[in-house]
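Taking it in order: structure first as structure tokens, then the write-up.
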Amino acid sequence: MEYVQDYFSCSGCNNRDFKLIYNFSIRFSGVNFSDELIYDRLTDETYQCTKCKKTFTKSQIEETLADYKKRRKSRGQEGGV
């Protein structure tokens, strides 16, 4: 069985290689019934092109891959992207 594989590539330079960049934070908020603060620990993931350094969020990449799938299905497997 043959298969077709489409890659996400950088919109700036067409590179397919990315590195994962993490940002860690704590978000504080007050609550009505107490003077104490509550907090959430957050981790943001960003993907950076290894060639031109342009960054993409995970949701941007997922949206692009979903678009590839829609286009592939509408054209059939032989149509290309």
Side-chain angles (χ1 to χ4, degrees):
M1 180 176 175
E2 291 185 37
Y3 66 91
V4 177
Q5 188 167 356
D6 294 322
Y7 289 92
F8 177 82
S9 60
C10 177
S11 60
C13 68
N14 274 343
N15 184 33
R16 295 188 322 200
D17 299 325
F18 299 85
K19 66 180 178 179
L20 183 56
I21 299 170
Y22 292 104
N23 290 295
F24 303 99
S25 64
I26 296 179
R27 179 177 52 198
F28 293 94
S29 58
V31 291
N32 291 340
F33 55 85
S34 173
D35 290 336
E36 304 251 345
L37 290 175
I38 60 170
Y39 67 92
D40 298 313
R41 292 178 58 174
L42 305 168
T43 303
D44 297 321
E45 296 179 352
T46 305
Y47 297 85
Q48 185 179 49
C49 174
T50 58
K51 187 174 180 183
C52 73
K53 309 297 184 209
K54 186 172 182 175
T55 58
F56 299 89
T57 63
K58 188 173 185 175
S59 63
Q60 288 173 310
I61 294 170
E62 293 296 331
E63 287 173 17
T64 302
L65 294 175
D67 186 49
Y68 290 171
K69 187 166 66 172
K70 286 179 193 173
R71 286 192 281 165
R72 180 71 62 189
K73 283 184 175 184
S74 69
R75 293 184 193 168
Q77 286 196 356
E78 302 300 319
V81 172

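- Environment of NZ in K69: sparse, with no more than 12 heavy atoms of neighbouring residues, nucleotides or ligands closer than 6.0 Å.
- Using a 30° and 60° split on the angle between ring planes, F8 and F56 fall in the perpendicular class, above 60°.
- Separating the CZ atom in R41 from the OG atom in S25 is a distance of 10.0 Å, to the nearest 0.5 Å.
- Under a 3.5 Å cut-off, the side chain of Q48 and the backbone N or O of K53 do form a donor-acceptor pair.
- One hydrophobic cluster, built from ILVMFWY side chains closer than 4.5 Å, cannot hold both Y47 and L42; they sit in different ones.
- A donor-acceptor pair shorter than 3.5 Å can be found between the side chains of T50 and N15.
- No more than 12 heavy atoms of other residues, nucleotides or ligands shown are found within 6.0 angstrom of OH on Y39.
- Within a 6.0 Å sphere centred on CZ of F24, heavy atoms belonging to other residues, nucleotides or ligands number more than 12.
- Atoms CG and OH, from D17 and Y7 in turn, are 10.0 Å apart once rounded to the nearest 0.5 Å.
- Residue I26 is grouped with residue L37 when hydrophobic side chains (ILVMFWY) are merged at heavy-atom distances under 4.5 angstrom, including chains of intermediate members.
- Between the CG atom in D67 and the CD atom in E62 there is a gap of 13.0 Å [rounded to 0.5 Å].
- Rounding to the nearest 0.5 angstrom, the gap separating the CG atom in D6 from the OG1 atom in T64 is 12.0 Å.
- More than 12 heavy atoms of other residues, nucleotides or ligands lie within 6.0 Å of CD in E45, so this atom counts as buried by the packing criterion.
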Under the side chain to side chain contact (heavy atoms under 4.5 Å, CB included) rule, what do K54 and C13 come out as? Steps first, then yes or no, please. CA-CA 9 Å; K54 186 172 182 175; C13 68; over 6 Å; no

